[in-house]
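What's counted below: heavy atoms across the whole structure, side chains too, no hydrogens, waters or symmetry copies.
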Amino acid sequence: MYLGLDIGTSAVKAVLVDDAQSVVATTETALAISRPQPGFSEQNPEDWWQATLASIDALKVQKPAELAAVRGIGLSGQMHGAVLLDREGAVLRPAILWNDGRSFLECRELEERFPALHQVAGNLAFPGFTAPKLLWVRKHEPEIFERTAKVLLPKAYVGYRLTGDMVDEMSDASGTLWLDVGARDWSDEALAATHLTRAHMPRLVEGSAAAGRITADLAARWGMQTPPVLAGGAGDNAAGAIGLGAINAGDAFVSLGTSGVLWATTDRYAPNPESSVHAFCHAIPATWHQMGVILSAASALGWWSGVAKTSPADLLAPLGDAPAAPSRATFLPYLSGERTPHNDTAIRAAFVGLDHDTTRENLTQAVLEGVAFAFKDCLDALAAAGTHLSQADVIGGGSRSRFWTAVLASVLGLPINRIEDGERGGAFGAARLARMAATGEAPADICLPPRRIETIAPDPALQHAYAERHALYRALYPAMKGVKS
């Protein structure tokens, strides 16, 4: 048996997986977010720990014998968050999260202090990343900065509480801007640009390697005679890729979660920061990936659902299985700004092209198409980085909608595969990493792809119409810059 834990923003999820890679049980414990000022987003690391304990305790109630048989534990988690610890390992302040925008000025400062940042770290300096957050803390909370002895990412903090060791892995570390992504090691120059050294960082391992063992006290709490191995784990998207078997160059998927990701696995380090493409390490050795990231995907439909005071399912039902033509309206999905390709925290969303005949169904379709157009921007950015896709799987909550998947296929011009268990997420991938760490099995033997239940091909009649609408969508972006919400 293997245990996967996903330390998310909204919940901690736990999944028990057996030797046949079947999910035996799952639990989930909700988390709250604090927003003390506009643009701020924080969580208390102790909340992650208590939710982790609660989730595993609940598994013990459901499946005590199975939990006792766990040989390995893997961690997936929200990326980029800054957990600051003192010399005794105590938390100094609430963690600053991935969706916190306070450090936008520090991004420019970091790039000026370390001109080689883009090539070494493979990415632009985004406010969501970890390194600019530390420059903000140094400037605005100098007494906290001076007391900071270690900086951990969210899942690494939970790993520390499980084992007593401070360890992280390559995929999550790639999102700090402190990692030399090509060398898979901390960059002394990047750390120095934020007034830090290697001493402030955890030890690094590969995601499929053993990071330690959980403490004897915790093992006894959960009825485990031998403390399980803890794997290095993975950032949330890399863990999702492990769960999908996306471990070979050219493997790709679209994630329709709260935010959106267009992922492409690569066998080399291939940065293209000018188009806001992320180039990160994968969670297995000698493998990397590129990502285009949009900040509002399924959350855009959730926003529209709240405005319309109707459930997403009721909004989608009248649309059917596939579009016959583009919507009468156009939607820009920049509810929280945008990352790829614009790196713009200030841009905001809009409906364009409304008239007296515009219906709720038109607006719902426009929201889905707007998200698809944002993914087309990501696809174009990946192409500019030399990565060309032939097909992609679709995962996340939005993958339940066949209509939305059909829109994606025609907008992207790619066959899109709907898969079995498209929402199983990072915890399942973390369990696979736990197995590899515990047994030494190879990724190719464990990271098998899920069954594809349907492949939706682009509709030739719609592709041209969507290409024209995407051109309009792109032209609207500069017109919206500077418009105050």
Item to complete: Run the numbers on Glu420 and Arg452 for salt bridge (charged side-chain N to carboxylate O under 4.0 Å, His left out), then give the verdict.
Response: CA-CA 6 Å; Glu420 199 170 54; Arg452 289 172 175 168; over 6 Å; no

Item to complete: Please test Arg432 against Gln21 for side-chain hydrogen bond (donor to acceptor under 3.5 Å, both in side chains), starting from the C-alpha separation and ending with a verdict.
Response: CA-CA 8 Å; Arg432 284 182 158 179; Gln21 301 209 46; 2.6 Å; yes

Worksheet item: How far apart are the C-alpha atoms of Arg147 and Glu88, what are their side-chain angles, what is the distance that settles it, and do they pass the salt bridge (charged side-chain N to carboxylate O under 4.0 Å, His left out) test?
Response: CA-CA 10 Å; Arg147 294 173 59 197; Glu88 284 69 49; over 6 Å; no

Worksheet item: Do Lys139 and Glu109 pass the side chain to side chain contact (heavy atoms under 4.5 Å, CB included) test, and can you show the C-alpha distance, the side-chain angles, and the key distance before you say yes or no?
Response: CA-CA 12 Å; Lys139 185 181 301 180; Glu109 178 184 345; 3.6 Å; yes

Item to complete: Please assess Asp6 against Phe428 for the test side chain to side chain contact (heavy atoms under 4.5 Å, CB included), listing each intermediate value before the final yes or no.
Response: CA-CA 9 Å; Asp6 182 35; Phe428 181 80; over 6 Å; no

Fill in: side chain to side chain contact (heavy atoms under 4.5 Å, CB included) between Arg102 and His140, worked out
CA-CA 11 Å; Arg102 75 184 73 181; His140 296 277; over 6 Å; no

Worksheet item: Given Glu206 and Arg184, is the salt bridge (charged side-chain N to carboxylate O under 4.0 Å, His left out) satisfied, shown in steps?
Response: CA-CA 9 Å; Glu206 293 289 348; Arg184 303 175 85 92; 2.9 Å; yes

Worksheet item: Passes side chain to side chain contact (heavy atoms under 4.5 Å, CB included), Leu5 versus Lys155? Steps please.
Response: CA-CA 9 Å; Leu5 298 170; Lys155 82 173 193 316; over 6 Å; no

Worksheet entry | Stepwise side-chain hydrogen bond (donor to acceptor under 3.5 Å, both in side chains) test for Tyr477 and Asp344 | CA-CA 11 Å; Tyr477 168 76; Asp344 188 339; 2.7 Å; yes

Practice prompt. Evaluate the salt bridge (charged side-chain N to carboxylate O under 4.0 Å, His left out) criterion for residues Asp165 and Arg213: first the C-alpha distance (whole Å), next the side-chain angles of each, then the deciding distance (0.1 Å), finally the verdict.
Written response: CA-CA 9 Å; Asp165 296 325; Arg213 290 186 180 271; over 6 Å; no

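Note that CZ of Phe373 is 10.5 Å distant from CG of Leu408, once rounded to the nearest 0.5 Å. Expressed to the nearest 0.5 Å, how far CH2 of Trp222 lies from CG of Leu3 amounts to 8.0 Å. Expressed to the nearest 0.5 Å, how far CD1 of Ile446 lies from CG of Leu433 amounts to 10.5 Å. How far CG of Leu59 is from CG of Leu16: 4.5 Å, rounded to the nearest 0.5 Å. Note that the OG1 atom of Thr29 and the NZ atom of Lys13 stand 11.5 Å from one another [nearest 0.5 Å]. Of the inter-residue distances, the one linking Asp47 atom CG with Ile7 atom CD1 reads 12.0 Å to the nearest 0.5 angstrom.
Within the 3.5 Å criterion, the main-chain N or O of Ala173 finds a donor-acceptor partner in the side chain of Thr176. Between the side chain of Ser174 and the backbone N or O of Cys281, at least one donor-acceptor pair lies under 3.5 Å. Between the side chain of His80 and the main chain of Gly175, a donor-acceptor pair closer than 3.5 Å is present. Remark: side-chain polar atoms of Thr387 are not paired, donor with acceptor, to backbone N or O of Ala383 under 3.5 angstrom. In this structure a side-chain-to-backbone donor-acceptor pair under 3.5 Å is missing from Thr287 to Ala283. Using a distance-only test at 3.5 Å, with no hydrogens or angles considered, a donor-acceptor pair links the side chain of Trp186 to the main chain of Pro202. Listed for the Glu169 side chain is no donor-acceptor partner under 3.5 Å among the backbone atoms of Leu204. In this structure, the side chain of Ser103 engages the main chain of Pro127 through a donor-acceptor pair within 3.5 Å. Using modelled atom types, no side-chain atom of Ser41 and backbone atom of Leu97 make a donor-acceptor pair closer than 3.5 Å. Between the Glu189 side chain and the Ala192 main chain, no donor and acceptor come within less than 3.5 Å of each other.
Trp178 and Thr194 are linked by a side-chain donor-acceptor pair at a separation below 3.5 angstrom, with hydrogens and angles left out of the test. Checked by atom type, the side-chain pair Gln290/Thr266 shows no donor-acceptor distance below 3.5 Å. Using modelled atom types and a 3.5 Å distance limit, the side chains of Thr9 and Trp98 yield a donor-acceptor pair. Under 3.5 Å, the side chains of Asp236 and Ser76 contain no donor-acceptor pair of N or O atoms. A donor-acceptor pair shorter than 3.5 Å can be found between the side chains of Thr439 and Glu441.
A heavy-atom distance below 4.5 Å is not found between the side chains of Ile33 and Phe40. Between Glu141 and Thr148, every side-chain heavy-atom pair lies at or beyond the 4.5 Å cut-off. Contact of the Leu332 side chain with the Met480 side chain is registered, since non-hydrogen atoms from C-beta on lie closer than 4.5 Å. Looking at Val137 and Leu84, their side chains come closer than 4.5 Å, going by heavy atoms from C-beta outward. Contact annotation: the side chain of Gln78 approaches that of Gln43 to within less than 4.5 Å [non-hydrogen atoms, C-beta and beyond]. Side-chain atoms of Lys150 and Asp86, non-hydrogen and from C-beta on, never get closer than 4.5 Å to each other.
The two residues Lys60 and Arg221 have their closest heavy-atom pair at NZ-O, 2.8 Å. For Ile419 against Pro450, the heavy-atom pair with the smallest separation is CD1-CG, 3.6 Å. Residues Glu66 and Met1 come closest through the heavy atom pair O-CG, 3.4 Å. Smallest separation of non-hydrogen atoms from Ser171 and Phe280: O-CD1, 4.5 Å. In plain terms, the two heavy atoms of Val277 and Asn123 that are nearest each other are O-OD1, 3.7 Å. Contact detail for Leu262 and Leu389: the closest heavy-atom pair is CD1-CD1, 4.2 Å.
In this structure, the ring of Trp288 has its center no less than 6.0 angstrom from the ring center of His282.
No salt bridge links Lys133 with Asp100; every basic N to acidic carboxylate O contact stays at or beyond 4.0 Å.
At most 12 non-hydrogen atoms from other residues, nucleotides or ligands lie less than 6.0 angstrom from CZ of Arg268. At most 12 non-hydrogen atoms from other residues, nucleotides or ligands lie less than 6.0 angstrom from CD of Gln225.
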Donor-acceptor pairs are to be reported for all side-chain atoms of residues 239-260 against protein atoms at under 3.5 Å, with residues two or more places apart or in another chain.
unit_1 : atom_1 : unit_2 : atom_2 : d
Asp251 : OD2    : Ile247 : N      : 3.1
Asp251 : OD2    : Asn248 : N      : 2.9

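Residues passing the ring pair (Phe, Tyr, Trp, His ring centres under 6.0 Å) test with Phe126, sequence neighbours excluded: Phe129, His278.
Both tests do not hold together for Arg348 against Tyr334: distance to the six-membered ring centre under 6.0 Å, angle to the ring axis within 45°.
Below 30°, between 30° and 60°, or above 60°: for Phe145 and His195 the angle between ring planes is above 60°, a perpendicular geometry.
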